[in-house]
Structure formats: C-alpha cells, structure tokens
Amino acid sequence: MGTLGSIAIAVLVLVLQHDRVHGKHAYEKLNKCDIYQGSWVYDDSYPLYDSSLCNFIENAFNCQKNGRPDKHYLKYRWQPSSCKLPRFDVEDLLERLRNKRIMFVGDSLSLNQWQSLTCMVHAASPQSEYTIERTGSISTMKFLSHNASLMLQRNAFLVDIVEERQGWVLKLNSIDHNDQKAWKDSDVLIFNSWHWWLHTGRKQPWDFIQDGDNLHEDMDRLVAYEKALKTWARWVDKNVDPTKTKVFYQSFSPTHWNSTGWGHPEGKNCSSETQPLIAPPYPRSRHPAELIVERVLSNMSKPVGLLNVTALSRLRKDAHPSIYGIGGHHGMDCSHWCLAGVPDTWNNLLYAELIRI
C-alpha cells in the first residue's frame with residue numbers, strides 16, 4: 001500500500017473515532033438534559049413536512065389548506081437550554097418500531113399528536129406503503145415496510161363511562177376490559193387526559209360520577225381527576241412489564257382563549273396571533289392538574305416518563321387553528337394546534353425520550 005493509501009486510512013480511522021466519541025458525548029449530554037427547559041428559535045428549515053402531502057390530516061388541523069395567510073408560526077423549533085434536541089429521524093424511529101405498536105391514548109389532543117406523527121413519518125418517506133383503518137375507538141396507520149403500527153385510541157378519561165339505568169356513569173375506579181387489552185398489546189403507550197374533565201352542561205358526556213359505591217351528580221373535578229389517574233396508575237403498576245412496554249404520560253396541552261393571560265388586554269383570544277411568546281409575561285404558578293400528575297407518577301412502582309409539554313406549549317399562542325379550523329370563519333379554536341406545528345415538537349421530544357431510554 002502506498003503512502004497516500006496509508007494516510008487515507010489513518011484519516012478515516014480518526015474520523016470514525018471522532019464520530020464515535022462525539023456521538024457518545026452527545027448521547028450522554030442528552031441523557032442528562034432537561035429537554036423541556038428552553039426556548040423557541042426561528043429556523044428557516046422548518047416545518048419538518050408539507051402538510052399537503054398528508055391527505056389524511058383532519059380538516060380541523062389543516063390551517064394552510066383552510067386559508068391561513070401567514071406561515072411564520074411554522075418556522076419555530078424548540079431548543080433546550082443545555083443540549084441539542086436530536087432531529088427527528090424517521091428511518092431510525094421506524095426501525096425501533098419494527099413489528100411493534102405505538103399507541104396514543106386520550107382525547108382530541110392525542111388525535112392532534114397522532115396525526116402529527118403519522119404525517120411526519122409519511123412525508124419523510126412518501127413512497128412507503130401504508131394502510132389506515134379504524135375499528136371502534138382505535139385508529140391504526142401501519143407502515144408495511146417495517147410492520148410498524150402508529151395507533152390512536154380515543155379515550156378522554158382513561159376510566160370507564162358506562163350506560164346504566166339511571167344514565168351515563170363515569171366510573172372513577174374501573175377501566176374497560178377492551179381498553180386494557182389494547183394497552184397490553186402495545187409496545188409504547190402515551191397517555192393523556194385533562195380537557196374533558198372540565199366540560200359541563202351539554203358538553204359533559206356523563207350524568208353521574210361513581211366513586212366506589214357512591215354515586216354523585218357531580219364532584220370537585222380535580223378530585224375526580226386524581227382518583228381516575230390513581231386507577232390508571234394501579235393498572236400500569238399491575239400489568240405493564242417495563243422490559244417490553246414503555247409508558248409515557250403527557251402533561252396537558254394549554255389553551256389560549258383569553259389574551260389577557262399573555263399581557264394583551266386589547267385582544268380577545270388566539271385570533272390574529274402570529275408570534276410566540278419569548279417567555280411567560282409574568283411568573284405563573286403551576287396548574288393544579290400538573291401537580292396531580294406529578295404526584296401520581298411519583299407514587300408508582302413502574303417507570304412512567306413524563307412528556308412535560310405544558311410550559312413550552314404555553315408560549316405558542318400563535319399556533320392554534322383559530323378561525324382556520326373546523327368551523328372556518330364561523331368558528332374559533334384556541335385549544336388544538338395547526339399541523340404542521342406544535343405537536344411535531346411533542347413528537348420530537350417523544351423521539352428523544354425513546355432514544356435515551
């Protein structure tokens with residue numbers, strides 16, 4: 001071998017060693033990093049995908065298709081303060097999910113996130129064959145090349161709602177048998193529940209709340225929420241094998257219905273907002289629901305990761321559908337999120353958590 005060949009090999013070895021050391025260092029740094037503390041930075045390479053490539057996105061989330069004129073809200077990337085968030089790697093994710101199932105369990109915010117993930121994967125590999133089907137409360141998008149199933153179970157409370165003689169009963173101490181089976185068959189589970197606990201009147205899907213043997217017409221919703229979460233936690237502790245199934249609980253998604261909450265008293269809601277907040281306009285105390293989740297998770301015997309997206313999402317007053325959602329110009333949505341948008345970041349954070357498990 002000539003001198004040039006020897007030099008080339010030596011350089012290659014040095015490069016590989018550098019990459020290996022650098023990669024290990026980056027992984028160790030990610031492992032120690034609080035990826036939920038940081039800021040939104042403008043990134044002209046965003047969004048991660050063109051939503052027009054995903055004809056399966058719900059009209060309610062498809063803001064560009066519905067005529068939203070601005071695109072600035074699409075250009076923000078979440079940057080943790082003390083590390084670099086790994087860029088979403090579709091091939092790596094699909095390989096991790098080969099012959100496996102990942103399931104989101106929750107309300108329409110879980111639908112928002114599930115549709116984000118399915119579009120992130122599909123848009124990065126548009127030629128890959130997939131199937132979409134819905135059976136009962138479960139929707140499944142399967143990528144055939146890896147036999148990887150991305151699933152959603154619509155389940156707003158995580159506990160039972162049963163029709164009985166006296167009406168619909170929300171049972172704080174029991175979980176439906178079919179729900180349990182679906183959860184047991186999954187390899188990654190992401191649970192979410194909060195918004196429906198606040199509904200009253202015609203939007204409330206139950207007539208009574210059952211706690212043990214006691215039937216109530218109503219009760220403190222935070223108390224009911226905690227009791228339901230404890231029921232869910234007992235199920236996880238009893239049924240989940242952490243060596244086979246990874247479980248996450250996602251903190252609640254904030255709404256932006258009242259613009260005085262971000263120091264804009266002349267406004268009304270999220271309508272016409274085009275810029276994120278740099279920081280909360282004043283010190284904000286933790287929401288009681290956040291504290292309940294953390295308390296319940298801290299008392300569990302099985303490991304459950306907290307996808308702590310509340311604070312970072314609270315800064316994104318600009319990223320809701322507003323009038324560019326399901327109701328068109330006759331409706332207003334400051335609860336869900338445009339796609340592409342904030343749920344893509346939730347999924348990038350989920351991907352980072354899967355990497356560092």
Side-chain angles (χ1 to χ4, degrees), residues 40 46-47 50-52 54-76 78 104 106-116 119 152 154 156-157 192-206 221 225 250-282 284 287 289-290 309-347:
W40 292 97
Y46 269 51
D50 179 351
S51 59
S52 68
C54 305
N55 58 14
F56 46 80
I57 286 182
E58 296 274 335
N59 205 45
F61 311 142
N62 207 340
C63 302
Q64 289 295 305
K65 180 181 177 182
N66 293 335
R68 180 165 177 170
D70 63 305
K71 295 187 178 182
H72 206 68
Y73 72 96
L74 296 168
K75 297 292 185 179
Y76 285 91
W78 179 250
F104 296 90
D107 55 23
S108 55
L109 275 306
S110 291
L111 168 63
N112 214 173
Q113 185 175 5
W114 174 71
Q115 289 221 307
S116 159
C119 193
L152 166 75
R154 293 162 177 81
F157 296 98
N192 160 62
S193 180
W194 173 242
H195 283 253
W196 279 78
W197 291 92
L198 304 177
H199 287 181
T200 59
R202 295 176 65 181
K203 289 187 175 182
Q204 176 183 300
W206 45 264
R221 299 301 177 86
Y225 179 60
Q250 179 143 306
S251 65
F252 75 87
S253 173
T255 61
H256 291 91
W257 289 102
N258 185 353
S259 64
T260 59
W262 57 88
H264 189 192
E266 66 273 18
K268 185 178 181 181
N269 46 43
C270 68
S271 178
S272 301
E273 294 289 346
T274 59
Q275 299 281 343
L277 291 165
I278 302 302
Y282 49 81
R284 183 186 292 271
H287 192 284
E290 294 179 85
V309 302
T310 302
L312 64 91
S313 303
R314 191 174 278 137
L315 300 173
R316 295 306 307 274
K317 60 183 174 59
D318 58 314
H320 295 287
S322 67
I323 61 172
Y324 302 104
I326 196 166
H329 287 263
H330 301 290
M332 177 63 63
D333 185 353
C334 296
S335 297
H336 300 97
W337 305 92
C338 295
L339 295 180
V342 170
D344 307 334
T345 293
W346 300 348
N347 285 320

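Numbers here are sequence positions counted from 1.
Not counting sequence neighbours, the partners of Arg221 by the salt bridge (charged side-chain N to carboxylate O under 4.0 Å, His left out) test are Asp218. Residues passing the salt bridge (charged side-chain N to carboxylate O under 4.0 Å, His left out) test with Asp70 are Arg68, sequence neighbours excluded. For the side-chain hydrogen bond (donor to acceptor under 3.5 Å, both in side chains) test, residues two or more places apart in sequence or in another chain that qualify with Trp346 are Ser313.
Here His320 contributes atom NE2 and Trp257 contributes atom CH2; the two are 9.0 Å apart, rounded to the nearest 0.5 Å. Interatomic distance, Leu315 CG to Ile278 CD1, rounded to the nearest 0.5 Å: 8.5 Å. Thr310 contributes atom OG1, which lies 9.0 Å from atom NE2 of His287 (distance to the nearest 0.5 angstrom). To the nearest 0.5 Å, atoms CG (Asn269) and OG (Ser271) are separated by 5.5 Å. Taken to the nearest 0.5 Å, the CG atom of Leu339 stands 5.0 Å off from the CG atom of Asn112. Remark: Tyr324 OH to Asp333 CG distance equals 13.5 Å, nearest 0.5 Å.
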Carefully, step by step, assess Leu74 and Gln64 under the rule side-chain contact (heavy atoms from CB on, under 4.5 Å).
-> CA-CA 10 Å; Leu74 296 168; Gln64 289 295 305; 4.3 Å; yes
Full working for side-chain contact (heavy atoms from CB on, under 4.5 Å) between His336 and Glu58 | CA-CA 11 Å; His336 300 97; Glu58 296 274 335; over 6 Å; no
Start with the C-alpha gap between Asp107 and Arg154, add the side-chain angles, then the distance that decides, and say whether side-chain contact (heavy atoms from CB on, under 4.5 Å) holds.
-> CA-CA 6 Å; Asp107 55 23; Arg154 293 162 177 81; over 6 Å; no
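Within the 6.0 Å centre-distance limit, the rings of Tyr225 and Trp197 are counted as a close aromatic pair.
Note on ring orientation: taking the six-membered ring where Trp is involved, the planes of Trp196 and Phe157 are perpendicular (angle over 60°, cut-offs 30° and 60°). Taking the six-membered ring where tryptophan is involved, the planes of Phe252 and His195 are perpendicular, since the angle between them exceeds 60° and thus also 30°.
Remark: the Trp337 side chain and the Ser116 side chain contain no N/O donor-acceptor pair separated by less than 3.5 Å.
Two residues are said to be in side-chain contact when any heavy atoms from C-beta on lie closer than 4.5 Å; Trp40 and Thr345 meet this criterion.
Contact record, Cys338 with Pro343: O-CD, 4.1 Å, taken as the closest heavy-atom pair. The two residues Ser253 and Ser335 come nearest to each other via the heavy atoms OG-O, 4.2 Å.
Using a distance-only test at 3.5 Å, with no hydrogens or angles considered, a donor-acceptor pair links the side chain of Asn66 to the main chain of Asn59. For Arg316 (side chain) and Tyr73 (main-chain N/O), a donor-acceptor pair under 3.5 Å exists by modelled atom type. A distance-only check finds no donor-acceptor pair linking the side chain of Ser193 to the backbone of Gly106 [under 3.5 Å]. A donor-acceptor distance shorter than 3.5 angstrom exists from the side chain of Lys317 to the backbone of Gln275, with no hydrogens or angles considered.
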